[in-house]
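All values below were derived from every heavy atom in this structure, side-chain atoms included, with hydrogens, water molecules and symmetry-related copies excluded.
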Amino acid sequence: MVGRAAAYSVIDMIRASRAVDPSLSRRWVSSGHSQSGHSALWAANMASRYAPELPLQGTVVCAPPAPASRPSAYPGMNHQQVVYVALPDAFATVARYFGR
């Protein structure tokens, strides 16, 4: 799994969406399950350097391939800014975290 390429792809999707519809917010949330969780974590890790114009608001991941308990899997990641959820509780946990 190539983290940097995955991160660039996720962030570039945000940029492309805003190019099509400039009224979309610059603020965004990175989220994903399994392989997409891996991409979401890497995007969160690189967002401030690769896209400083797009403020990341948070990250929600379910079942990323590399365990969150192994910080070396996501170098430089501030794991205090990430919500990790078990799939059965995912929607309820995200709703509570974001106050909805």
Side-chain angles (χ1 to χ4, degrees):
M1 294 179 282
V2 182
R4 210 170 269 165
Y8 293 154
S9 294
V10 169
I11 295 167
D12 287 344
M13 283 187 278
I14 305 298
R15 287 180 169 145
S17 297
R18 292 199 74 249
V20 171
D21 185 352
S23 70
L24 293 174
S25 177
R26 292 182 314 111
R27 298 178 302 148
W28 61 290
V29 173
S30 183
S31 66
H33 173 264
S34 190
Q35 181 62 38
S36 296
H38 167 78
S39 299
L41 285 169
W42 270 93
N45 186 30
M46 299 188 70
S48 64
R49 292 183 304 274
Y50 184 64
E53 78 281 8
L54 299 170
L56 177 68
Q57 300 301 295
T59 304
V60 178
V61 296
C62 299
S69 61
R70 198 179 71 197
S72 62
Y74 302 100
M77 171 61 66
N78 179 350
H79 290 274
Q80 295 176 352
Q81 297 174 338
V82 179
V83 177
Y84 297 93
V85 262
L87 194 53
D89 299 324
F91 295 111
T93 301
V94 171
R96 278 194 309 274
Y97 183 79
F98 288 106
R100 302 260 185 244

[X] side, atom [atom1]; [Y] side, atom [atom2] - distance, nearest 0.5 Å:
X: Leu54; Y: Ser48; atom1: CG; atom2: OG; value: 11.5 Å
X: Ser9; Y: Ile14; atom1: OG; atom2: CD1; value: 11.5 Å
X: Asn45; Y: Ser30; atom1: CG; atom2: OG; value: 10.5 Å
X: Leu56; Y: Met46; atom1: CG; atom2: CE; value: 13.0 Å

Please determine whether residues Leu24 and Val29 belong to a single hydrophobic cluster, defined as Ile, Leu, Val, Met, Phe, Trp and Tyr linked transitively by side-chain heavy-atom distances below 4.5 Å. no
If you compare all heavy atoms of [X] against all heavy atoms of [Y], which two are closest, and at what distance to 0.1 Å?
X: Gly37; Y: Val61; value: O-CG1, 3.5 Å
X: Gly32; Y: Ala40; value: N-CB, 4.0 Å
X: Pro52; Y: Arg49; value: CD-O, 3.8 Å

Residues in salt bridge (Lys or Arg N to Asp or Glu O under 4.0 Å) with Arg15, at least two apart? Asp12, Glu53
Applying side chain to side chain donor-acceptor pair (under 3.5 Å), can you list everything that pairs with Ser23, at least two apart in sequence or on another chain? Asp21
Is any side-chain heavy atom of Val10 closer than 4.5 Å to one of Trp28? yes
